[in-house]
Amino acid sequence: MASIFDDANYPAYTMSTAAGLLGVQPGFLRSLGDGGLLHPARSDGGHRRYSRHDLAMAERARQVVDTGMNLAAACRIVQLEYEVARLELELAQARAQIAELTA
DNA sequence: ATTCTTACA
DNA sequence: TGTAAGTA
């Protein structure tokens with residue numbers, strides 16, 4: 001049985017844990033939020049709580065920054081990459097549905 | 001005891 | 001950039 005702790009969207013990681021796992025500074029993670037790429041959940045006291053999905057996005061952003069992009073550009077690029085991936089999936093599903101209906 | 005967040009200077 | 005005050 002699936003637990004909410006298995007959900008990639010469950011906000012399980014504190015700032016220091018997330019930064020440690022990714023090998024980045026806390027400030028980098030925070031700036032990804034300012035750049036509109038991440039919207040981490042908050043604890044009752046206002047501390048950021050990152051999900052595995054947040055971590056995956058942050059990791060990709062780090063890669064893009066490493067290629068020389070500034071932070072704002074990296075946030076935009078990763079955001080667009082994510083949207084393209086989502087649209088590709090949606091297109092594939094739509095095509096599969098068409099194939100089934102026209103069979 | 002230390003880290004994290006916001007606010008403000 | 002740095003400090004302060006409240007959290008976790």
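Side chains are part of it too, since the values below use all heavy atoms of this structure and drop only hydrogens, waters and symmetry mates. The chains referred to below are lettered A, B, ... by the order of the sequence lines, with proteins before strands, and numbering in each begins at 1.
Under the 6.0 Å cut-off for aromatic ring centres, Tyr82(A) and His53(A) qualify, their centroids lying closer than that.
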Response to the item:
Its dot-bracket string being built from Watson-Crick and G-U pairs below 3.5 Å, with | for another strand and [ ] for crossing, DNA chain C has the pattern ||||||.|

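A continuous path of ILVMFWY side-chain contacts below 4.5 Å connects Phe28(A) to Met69(A), so both sit in one hydrophobic cluster.
Atom-to-atom distance recorded for Arg49(A):CZ and Asp54(A):CG is 12.5 Å, nearest 0.5 angstrom. Note that the CD1 atom of Ile98(A) and the CD atom of Gln93(A) stand 12.0 Å from one another [nearest 0.5 Å]. Of the inter-residue distances, the one linking Leu22(A) atom CG with Tyr13(A) atom OH reads 10.5 Å to the nearest 0.5 angstrom. Atom CZ of residue Arg60(A) and atom CD of residue Glu81(A) lie 4.0 Å apart, to the nearest 0.5 angstrom.
Within the 4.0 Å cut-off from OP1 or OP2 of dT3(B), not a single side-chain nitrogen or oxygen of Thr14(A) is found.
Scanning residues 22-48 of chain A for heavy-atom distances under 4.0 Å to DNA chain B yields Arg30(A), Arg42(A), Gly46(A), His47(A), Arg48(A).
Checked by atom type, the side-chain pair Asp34(A)/Ser31(A) shows no donor-acceptor distance below 3.5 Å.
Straight-line distance from the OH atom of Tyr50(A) to the C1' atom of dT5(B): 11 Å, rounded to whole Å.
Residues Ala58(A) and Leu29(A) come closest through the heavy atom pair CB-CD1, 3.9 Å.
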